[in-house]
S.K.: 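Attaching a single structure in structure tokens format; questions to follow.
All figures in this text were calculated on a predicted structure; none of them were measured in a lab. The sequence lines fix the lettering, A, B, ..., with proteins before strands; numbering per chain opens at 1.
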Amino acid sequence: MKILPLKSKFEAIAVRGTPAPVVGAEAGAPVPLVNETPHATKGIDLDVTVSAERVVEAVKILDEANWMLEAITGVDWLAERQFEVVYDFTHVDSGERVTVRVRISRDKPELPTISHIYGGANWHERETHDFFGIIFLGHPQLIPLLLPEDARFHPLRKDFTA
Amino acid sequence: MEKQVEVPPGLIHFAMLDDVLNMARANSLWPMTFGLACCAIEMMATGASRFDMARFGCEVFRPSPRQSDLMIVSGTISRKMAPAVVTLYDQMPEPKWVLAMGNCAISGGPFKFPGQYGIVEGVDKLIPVDVYVPGCPPRPEALIEGILTLEEKLRGKRCFPTVEAR
Amino acid sequence: MSSDMIMELVRLILYLVGFLAFALLNAAYLTLVERKVPSWFQLRPGPIEVGPWGLLQPVADGIKLLGKQILTPQGADLIMFKLAPVMVVVPGVLCLVTIPFSEMIVPRNFNLGLLMIFAFGAFGVFAILLGGWASNNKYSSIAAARVVAQNIAYEIPMLLVVISLVFVTRTFNLHTIVEQQMGGFWHWNVLNLKASIMMPIAFLIYFICMLAETNRAPFDMVEAESELVAGAFTEYSGMGFGLFFVAEYLNIMVGCCVGTILFLGGWDCPFGLLPGLHWFLIKMYVLCFAVIWVRWSFPRTQFYGLLNLSWKILIPFALVNLLLTAFMLKLFH
Amino acid sequence: MSIDAQSVLNETFVLNLGPQHPATHGVLRIKLTMDGEYIVDAEPVIGYGHRMHEKMGENRSYAKFLPNTGRIDYVAALFNGHGYVGAVERLAGITVPERAEYIRVITSELNRVASHLLWLGAFLVDLGGFTPLLYCFDDREQILDLLESVTGARLTFCYYRFGGVCNDIDDDFVAGTRSFITRLRSRMPMYDAFVTKNIIFRKRVEGIGLISAETCRKYGATGPVIRGSGVSYDVRKVEPYSVYLKFNFDIPSFTECDCMARYKVRIEEMVQSMRIIEQALDSLPAGPIMAEKVPRTLKLAKGDCYYNVESARGSFGVRVVSDGSENAYRLKLRSPCFSNMSLFRECSAGMLLPDALALLGSFDLVIPDIDR
């Protein structure tokens, strides 16, 4: 079990800062920020929600414990006026998966880059920028990756029309 | 609507020469090594042992557009790729032919949906196409049939038996 | 005008026409062989539909290439760009002039035949260099630079081997070289162990260098399809490319002819019976087949591996062979 | 006027490789900054094959997206189907009958062998040898015949359904698969003699294109790339899905980290895949091939889940986010080629152009899988 030592570290950073509310939660209900989830039904072992300014810290914890970056993606929660950025990590020895979620405002979609920690995040962040227009602050080369060089649209936003 | 321009008949005919030239061209269609997506694998399979395009003298896949006669558009043309496809077509010397292989190259195929943002719906929006080979992807037999159809177009008559004739 | 001169003129014209036709037909049909032979290796029929057994395939290709538009890329050096395909074919044809196909069929028999072949053989590289440079294409330029380095590297062991052979034959006259080897395969230079025990290795070095000199796989840096698109010929279309294509096969033919003459006894029969043109052609085509066989069996070498092979292996061996030959000649003759 | 010798020596030029280039297997473009034949910087430019799969996943119902899965990584199409079907099943809580799982394993492993055979041929073409491609295609055609008989397609299979597979395999398929395994086993020594022992091939790949395990981790490179770097990470072992737990097989990994290691991994994987297929055929249970009561139009509960499978190129992951409607709210396809390709820039610096192309070939790239 590689997730156990991580749990307390995540809890320490998750309570600091103020993560945006999670979709589906009852208003006002306490939302656990660090969640152990069953792998068999979710495919995820540890579900962590952190605030945008804590994401680098959270990723550093994983990097120190030798986790592998699998993917970064976004979800556009139009109704809540939020973007969710999802980081998937896995461990090559145990096959466990940690998902770090960050919620940011749709009006000011900005969060710090992790491409200096994980080189592979470079392309994933560029892709997320392509699709959602999320700006990763400090990214060395935030230009369209999959879309044409001059693309100024973000197709996976729910309010996108061609 | 474009105006139909009537082409006056030529004064001098080189019928025999034209026939010989077209016969030679039909039997030596060198395609360009140009794969776009799924259909490219079937294009490779067509060149490989079981189907063997070499029988008709068109297995010489030239990597440079300057030396190829036939552009097999094998796959989806994304909007990012479209300028490159046009450039490649322009780089080919005359006479040149285009074979649109697969539904994506014909019309956008399965990737055409209302609100799509990324593909060109058919290569004929970019460059003139001589033969369309439908399929997703077309089987190698279909591609060979497409090439034979192109030969038919060049020579004005079919030299190989069709399926119906058998 | 004396009758001798008229006879000489007729002979010249006959040879000119005959050999040009022979050379170009051979080059054209070698392209068909190049497509047929691998198809047998590769479990497929190869060209069969164009004419009987695909025999009209080279004709169709040739006519088609003649009818293609010739494009000159922007920024190309026009004169050089157009000159290069001509320059690459002419040396190939000229080399054939001195080659004795049999006792009687020699277009021009003169003393320095071997030297002339190597002089003209080295000329083809310039054409490729010019063509690659004049194309104003980065791939072409890289390929041209590679070809020059490669040809310089392989010219040396090739010439060293040939010089060691000239020690034995004591002549540059190809006709004489063949005549010295008459009388069965044990007289051929490749098995001339009396002159140098390394003769078979010398033949091998010659063959490898010939592959490299004619830019054939596994040393086909000039065309390196998967790396440099079409190498030095990237920008050539129509007959410009066709001439490069023809020249490649002409060079193979010349290389195989020289190999046959120097090492395999020319028109001599292996068993001392019925020498003649047919034996020469058989040996030459077997060598050509080997060239094609090698091409379809090996991947391409890395460029630096190719130079290492020449400078670190072939040249030392060729030098040892040269010294050994000189030493043994001094000792036994 | 004096010539600054240093600036002349350091003169670099930009070489544009692609998007149409024989070595890039499609429409990849690499902007190379070269110093002579040495690569100073190689910036891959991707997106020329972007086909909007993720957008389509949001636009159409779950079942209607199935044909798309065959066109993401079309050389190993069944794995994409497996990943997508698995993710939806996981979220919907559908249990798949055992026979269907066995059939999935058999067909996927056949597809893995076909994919590796295609790679072997294409890799050799990258290195300049053409003939092995045709031998590989000859063997691959046999697999395609088998798969065609059950899936109905030669390349872009759409065979898996939510809750099972759409066609049952028959005795002909089982017999054909067995005879194919015999055939491929007998041909492996030929590949060995023709390719592995070829001196030029060895010179081209040994010690070329070193990728460390740490780089793989940082970039998320999986599949034969990470196994060629000495990490035996395989989703089938560490995160067993389907019925892979029931089979006996090894995960080959080599510590040389070079192109040769990745080559050996794939060759060994073909052997292991054949082992899995044989075991699965031996213990193939009878029973239904579809779960009962799978509605025609799936409506999944709110929430998200992740499912990944070991594709021929690495770990292929699918994240489905559902908002309770007929369509997925968000469908993320984590493609192995995307991550594998992203480390090319770091690893190719300082290499020679032909070596870099060998490295590129050893990734086994399928461009629409990168671009999705």
Side-chain angles (χ1 to χ4, degrees), chain B residues 32-52 54 59 61-65 68 71 73-85 87-89 91 102-104 108-119 135-142, chain D residues 16 18-27 29 45-56 58-60 64-65 67-68 70-75 77 114-115 118 121-122 125 130-131 133-142 144-145 148 153-156 158 366-369 371-372:
Chain B
M32 187 171 17
T33 320
F34 176 50
L36 282 166
C38 326
C39 296
I41 305 291
E42 287 299 70
M43 189 168 80
M44 280 162 82
T46 316
S49 298
R50 186 186 285 187
F51 301 100
D52 199 19
E59 94 281 25
F61 278 96
R62 295 303 309 170
S64 165
S68 35
M71 183 181 195
V73 185
S74 55
T76 324
I77 303 131
S78 66
R79 289 195 190 160
K80 199 171 181 176
M81 188 66 197
V85 174
T87 309
L88 281 171
Y89 180 75
Q91 280 177 339
N103 292 349
C104 295
F111 302 103
K112 181 180 175 178
F113 60 92
Q116 64 92 0
Y117 61 88
I119 61 158
C136 190
R139 292 181 60 92
E141 293 94 328
Chain D
N16 189 20
Q20 184 261 344
H21 186 278
T24 55
H25 298 244
V27 288
R29 174 175 157 216
V45 182
I46 62 171
Y48 290 95
H50 179 54
R51 303 204 278 188
M52 312 169 288
H53 284 293
E54 294 182 6
K55 183 80 182 170
M56 289 169 87
E58 296 176 12
N59 274 355
R60 43 184 69 177
K64 280 186 185 162
F65 185 72
N68 274 50
R71 288 161 181 79
I72 301 166
D73 170 2
Y74 43 79
V75 179
S115 167
L118 179 75
V125 170
F130 190 70
T131 305
L133 178 79
L134 294 163
Y135 292 149
C136 293
F137 262 86
D138 191 34
D139 280 336
R140 187 172 166 270
E141 288 289 343
Q142 315 289 328
L144 295 191
D145 280 350
E148 193 183 352
R154 271 171 56 85
L155 192 69
T156 50
C158 168
V366 171
I367 307 305
D369 187 34
D371 299 341
R372 299 183 306 282

S.K.: For the residue pair P110(B) and R60(D), what are the closest heavy atoms and their distance?
M.R.: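 For P110(B) and R60(D), the tightest heavy-atom pair comes out as O-NH2, 3.9 Å.
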S.K.: Only pairs of heavy atoms separated by less than 4.5 Å count here; which of N59(D), D138(D), I367(D), D73(D) has the most with chain B?
M.R.: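 Of the candidates given, the most pairs with chain B belong to N59(D).
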S.K.: Do side-chain atoms of Q20(D) reach the backbone of T33(B) as a donor and acceptor pair under 3.5 angstrom?
M.R.: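 Looks like yes, one N/O pair under 3.5 Å.
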S.K.: For chain D, which candidate among A48(B), G35(B), P63(B), C38(B) shows the most heavy-atom pairs at distances under 4.5 Å?
M.R.: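 Of A48(B), G35(B), P63(B), C38(B), C38(B) has the most heavy-atom pairs under 4.5 Å with chain D.
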S.K.: Sort Y48(D) into side chain, backbone, both or neither according to what part of it lies under 4.5 angstrom from a heavy atom of chain B.
M.R.: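 When you check distances to chain B, atoms from both the backbone and side chain of Y48(D) fall under 4.5 Å.
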S.K.: Below 4.5 Å from any heavy atom of chain D, which atoms of A84(B) appear? Answer side chain, backbone, both or neither.
M.R.: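 Side chain only.
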S.K.: Measure the shortest side-chain to side-chain distance between R71(D) and C136(B) over non-hydrogen atoms and say whether it is less than 4.5 angstrom.
M.R.: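 With C-beta onward as the side chain, the pair touches.
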S.K.: Please report the closest heavy-atom contact between C104(B) and R51(D), naming both atoms and the distance.
M.R.: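 Nearest pair, atom of C104(B) first, then R51(D): SG-NH1, 4.5 Å.
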S.K.: Compare every heavy atom of A37(B) with every heavy atom of P368(D), then report the nearest pair and how far apart it is.
M.R.: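 For P368(D) versus A37(B), the nearest heavy atoms are CG-CB, 4.0 Å.
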S.K.: Identify which part of F111(B) has an atom lying under 4.5 Å from any heavy atom of chain D, answering side chain, backbone, both or neither.
M.R.: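 Both backbone and side chain of F111(B) come within 4.5 Å of chain D.
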S.K.: Measure up the Y117(B) and H50(D) rings against each other and bin them: parallel (under 30°), tilted (30 to 60°), perpendicular (over 60°).
M.R.: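 Ring orientation, 0 to 90° scale: tilted.
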S.K.: What part of M32(B) is in contact with chain D, defined as an atom under 4.5 angstrom from a non-hydrogen atom: side chain, backbone, both or neither?
M.R.: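 When you check distances to chain D, only side chain atoms of M32(B) fall under 4.5 Å.
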S.K.: So, taking the atom named CD in Q116(B) and the one named NZ in K55(D), what distance separates them when rounded to the nearest 0.5 Å?
M.R.: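 One finds 11.0 Å between CD of Q116(B) and NZ of K55(D).
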S.K.: Check for a donor-acceptor pair, side chain of R140(D) on one end and backbone N or O of A45(B) on the other, with a separation under 3.5 Å.
M.R.: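 It does not hold such a pair.
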S.K.: Which of the residues L118(D), L134(D), L133(D) is involved in the greatest number of heavy-atom pairs with chain B at under 4.5 angstrom?
M.R.: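 Result: the option with the highest number of such pairs is L134(D).
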S.K.: With a 4.5 angstrom heavy-atom cut-off, could you sort out which part of I72(D) is near chain B: side chain, backbone, both or neither?
M.R.: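 For I72(D), neither part sits under 4.5 Å from chain B.
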S.K.: Please test D371(D) against M81(B) for side chain to side chain contact (heavy atoms under 4.5 Å, CB included), starting from the C-alpha separation and ending with a verdict.
M.R.: CA-CA 12 Å; D371(D) 299 341; M81(B) 188 66 197; over 6 Å; no
S.K.: Does some side-chain heavy atom of R154(D) sit less than 4.5 Å from a side-chain heavy atom of P140(B)?
M.R.: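 They are in side-chain contact.
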S.K.: Side chain to side chain contact (heavy atoms under 4.5 Å, CB included), that's the test. Do L144(D) and R50(B) meet it? Break it down for me.
M.R.: CA-CA 12 Å; L144(D) 295 191; R50(B) 186 186 285 187; over 6 Å; no
S.K.: Shortest non-hydrogen contact from G118(B) to M52(D)?
M.R.: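 Answer, listing the atom of G118(B) first, then M52(D): N-SD, 3.2 Å.
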S.K.: Minimum heavy-atom separation for P137(B) to L155(D), with atom names?
M.R.: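 That would be CG-CD2, 3.8 Å.
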S.K.: Less than 4.5 Å to any heavy atom of chain B: does that hold for the side chain of V45(D), its backbone, both, or neither?
M.R.: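 V45(D) touches chain B through side-chain heavy atoms alone.
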S.K.: Please look at E148(D) and chain B and tell me whether the side chain, the backbone, both or neither of the residue comes under 4.5 angstrom of a heavy atom of that chain.
M.R.: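 Side chain only.
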S.K.: Measuring heavy-atom distances to chain B, does V366(D) have an atom under 4.5 Å in its side chain, in its backbone, in both, or in neither?
M.R.: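 Contact with chain B is absent: no heavy atom of V366(D) under 4.5 Å.
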S.K.: So which heavy atom on I41(B) is nearest to which on F137(D), and how close?
M.R.: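 Heavy-atom minimum between the residues: O-CE2, 4.3 Å.
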S.K.: Quick check on L88(B) against chain D: is it the side chain, the backbone, both or neither that has a heavy atom closer than 4.5 Å?
M.R.: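 Contact with chain D is through the side chain of L88(B) alone.
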